[in-house]
Amino acid sequence: MLHTNMKVKGDCEMEPIKRHWWKECVFYQIYPRSFQDSNGDGFGDIRGIINRIDYLVELGVGAIWLGPVFKSPQDDMGYDISDYRDIYEGFGTLADWEELRDKLHEHDIKLLVDLVVNHTSDEHPWFIEARKSRDNPKHDYYIWRDGKDGKEPNNWSSFFTPSAWEYNEPTGEYYLHLFSKRQPDLNWENPEVRDEIYSMMNWWLERGADGFRMDVINLLCKTKGLPDASGPVDMNGYVFPTEHMSNVPPIHELLEEMAEKTYGDRDVFTVGECCAMPLEEGVKYTSGKKRQIDAVFSFEHIDMDAQPLGKWYYRPWKLPELKEKLAKWQTGIGDGWVGLFWSNQDQPRALSRFGTTDERYRVQCAKMLGTILHNLHGTPFIYQGEEIGMVNVPWTSVDQLRDVEILNFVNDCRNTGAPEDFMWQAIWRKARDNARVPMPWDDSKNGGFTTGEPWIMLNPDYKEINVASAMADPDSVYWYYRRLIELRKHNLIMPYGEFKLLWPEDEALFAFEKHLDGEHWLIAGNFSDKEITVTLPAEYKNCGTVISTMKTHGLGDGKLTLGAWEAEVISFEL
Ligand code: TEU
């Protein structure tokens with residue numbers, strides 16, 4: 001751990017900041033099946049990523065979060081693992097992973113492994129054994145209950161299916177699965193399970209992994225006795241058990257144990273995907289006395305556009321809400337840390353959700369969102385394709401979809417007679433496949449992603465929105481992202497500066513200050529298609545533009561003018 005004597009100026013002086021490599025670099029998320037195919041089978045692979053390393057180096061990112069590449073029947077695209085210590089044939093071999101690791105390390109780029117340990121695949125040898133009989137030595141690796149009145153043991157729904165329970169004929173019991181029925185939940189109360197997972201984690205650390213992105217890590221513990229959930233009943237008659245599966249004790253002690261037995265003393269990075277996590281819990285995960293996890297992904301800004309019944313039920317929102325949700329974590333995380341993201345493999349494209357897809361403004365809007373992301377307090381994660389301004393896909397038929405979640409949703413809609421319009425709005429807005437279509441590298445057939453038949457269609461706009469055309473245009477999102485990433489390397493105020501939200505009620509302007517050690521920045525983004533002129537606070541002296549999405553910067557005469565969906569960062573003295 002590096003210490004610096006930098007202090008943050010403010011009403012009270014803060015402790016010296018703890019510097020870490022993972023606070024200062026920008027991460028890039030690769031969704032392996034859609035990044036680059038190298039062998040013409042239509043499916044992205046590790047060799048394809050190796051072939052694209054120059055792209056990552058030139059972009060300037062310091063670390064990669066690689067989606068799961070382990071042995072898997074691919075029911076949930078690799079989040080269903082049947083062997084944690086081997087690679088799925090479609091992605092390549094362990095030797096390929098090692099080569100990728102070495103080549104990234106040669107360029108000083110770190111590599112995070114996706115740790116998926118809330119559940120395994122139903123084809124994992126543990127589960128194959130566990131389901132055979134009640135007295136099988138592996139039985140207690142999973143969570144089993146007898147049925148109640150000829151039905152499931154409780155009213156829990158799962159993320160992907162009506163019920164979170166599946167009947168198992170040989171034992172006459174049900175097993176719990178918070179995700180698909182092919183993803184049985186592990187029983188973390190069983191010390192043998194914990195030892196198995198810790199030993200697997202050490203195996204990857206010894207192999208040179210630089211840390212873990214931890215899938216649904218705050219869901220490992222469930223409420224004792226697995227009581228019925230209370231809350232809105234969904235279209236299938238079940239209830240989502242948020243309070244019984246997220247942040248349930250003894251999750252903090254469990255993560256302390258995990259750290260102690262694995263990464264606790266290593267200079268690696270762990271970031272937990274934590275859905276349904278209040279701020280107080282995020283603080284505990286990342287800044288308790290003992291190390292648990294280093295950073296969390298909060299989903300508050302993501303869940304903002306969902307009604308209590310879930311993501312398919314759209315809830316309109318306004319900018320003050322988004323600012324409030326982000327600002328709360330910015331100031332409240334204290335000595336802890338957050339991963340910053342607009343999108344990932346589960347979410348709609350950032351432009352389609354938070355910005356605009358109007359072609360007149362798409363490029364500046366993507367730059368504006370990038371400006372906000374890179375200047376917030378925390379570590380930015382760019383999701384592949386964000387750096388060229390990709391947008392959601394205009395799906396025309398359900399046959400084009402591949403994801404287990406959306407296919408189950410379509411089934412549920414059809415079985416319950418839900419209106420077609422409701423179903424299609426949900427698909428266009430929220431289907432995870434929106435972010436999973438192949439990376440378009442150029443305008444050739446299949447965007448240069450594969451010479452074969454891609455496993456899922458490309459976004460039909462790939463002839464215009466692709467890497468080659470972005471690289472050829474100095475005003476593209478790509479070149480602006482490079483500047484942002486570079487800027488972050490030289491300005492500690494970006495990761496470490498103290499955040500202060502300005503004009504919280506403004507419905508078009510997202511503006512905040514950052515302060516570090518006598519340095520002061522104002523970051524301002526226009527979330528509308530109308531020009532905005534901001535009168536700068538009177539105490540600002542010697543203002544200068546740090547970076548702007550506009551060709552001619554908007555600073556002048558005590559004012560900052562932002563065109564539609566534009567952003568600018570200025571420095572000032574007090
Ligand atoms: O996601 C879990 C999660 O909480 C959500 O993001 C969820 O997938 C989404 O809300 C459903 O719309 C993680 C992975 O990121 C996801 O890809 C996996 O499917 C899931 O866990 C199961 O491993």
Side-chain angles (χ1 to χ4, degrees), residues 29-34 65-70 72-82 84 88 112-124 127 157-161 164 176-186 197 212-220 234 240-242 245-247 271-277 281-282 296-315 339 341-349 353 381 383-384 392 401-410 412 426-436 456:
Q29 184 193 347
I30 293 185
Y31 191 64
R33 59 163 57 216
S34 296
W65 151 21
L66 180 65
V69 288
F70 317 100
S72 157
Q74 302 287 324
D75 179 59
D76 184 20
M77 309 301 176
Y79 282 95
D80 49 318
I81 298 172
S82 54
Y84 287 103
Y88 171 63
L112 290 195
V113 162
D114 210 322
L115 182 79
V116 188
V117 294
N118 173 70
H119 42 269
T120 68
S121 157
D122 63 345
E123 289 185 30
H124 194 292
F127 191 72
S157 67
S158 96
F159 279 84
F160 297 161
T161 51
L176 179 72
H177 59 89
L178 291 182
F179 294 89
S180 93
K181 65 180 184 198
R182 302 205 51 199
Q183 292 168 293
D185 278 47
L186 282 165
I197 300 291
F212 302 104
R213 174 271 180 184
M214 303 167 138
D215 195 60
V216 289
I217 201 70
N218 64 330
L219 305 191
L220 301 188
D234 68 17
F240 197 63
T242 311
M245 61 164 201
S246 45
N247 317 301
V271 54
E273 184 206 25
C274 299
C275 48
M277 168 185 55
E281 293 293 333
V296 285
F297 288 125
S298 149
F299 283 78
E300 282 201 41
H301 64 301
I302 294 291
D303 295 336
M304 184 181 67
D305 66 4
Q307 294 183 31
L309 257 179
K311 65 185 266 186
W312 310 122
Y313 299 82
Y314 181 66
R315 176 182 169 276
F341 68 106
W342 287 128
S343 179
N344 62 33
Q345 85 286 6
D346 298 333
Q347 303 302 333
R349 286 288 174 182
R353 178 184 237 159
F381 281 72
Y383 178 62
Q384 70 181 43
N392 280 1
L401 300 164
R402 296 288 178 272
D403 176 26
V404 60
E405 180 191 52
I406 197 69
L407 296 175
N408 286 353
F409 169 74
V410 166
D412 290 348
I427 292 173
W428 289 322
R429 263 191 221 284
K430 298 280 180 71
R432 303 194 298 180
D433 285 333
N434 281 302
R436 297 180 175 188
I456 189 170

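These numbers come from the heavy atoms of this one structure, side chains and all, not from hydrogens, waters or symmetry mates. Numbering of ligands and ligand atoms starts at 1, following listing order.
- Each of Asp76, Tyr79, His119, Phe159, Phe160, Phe179, Gln183, Arg213, Asp215, Val216, Glu273, Cys275, Lys311, Gln345, Asp346, Glu405, Arg432, Arg436 has a non-hydrogen atom positioned under 4.0 Å from some atom of ligand 1.
- For Arg429, there are no salt bridge (Lys or Arg N to Asp or Glu O under 4.0 Å) partners at least two apart in sequence or on another chain.
- Side-chain atoms of Asp433 come within 3.5 Å of backbone N or O of Arg402 as a donor-acceptor pair.
- Residues Asp403 and Arg436 form a side-chain contact, since some pair of their non-hydrogen atoms from C-beta on lies under 4.5 Å apart.
- For Phe159, the ring pair (Phe, Tyr, Trp, His ring centres under 6.0 Å) partners at least two apart in sequence or on another chain are Phe179, Phe240.
- Tyr84 places a side-chain N or O within 3.5 Å of a backbone atom of Val116 that can act as its donor or acceptor partner.
- For the ring pair (Phe, Tyr, Trp, His ring centres under 6.0 Å) test, no residue two or more places apart in sequence or in another chain qualifies with Tyr31.
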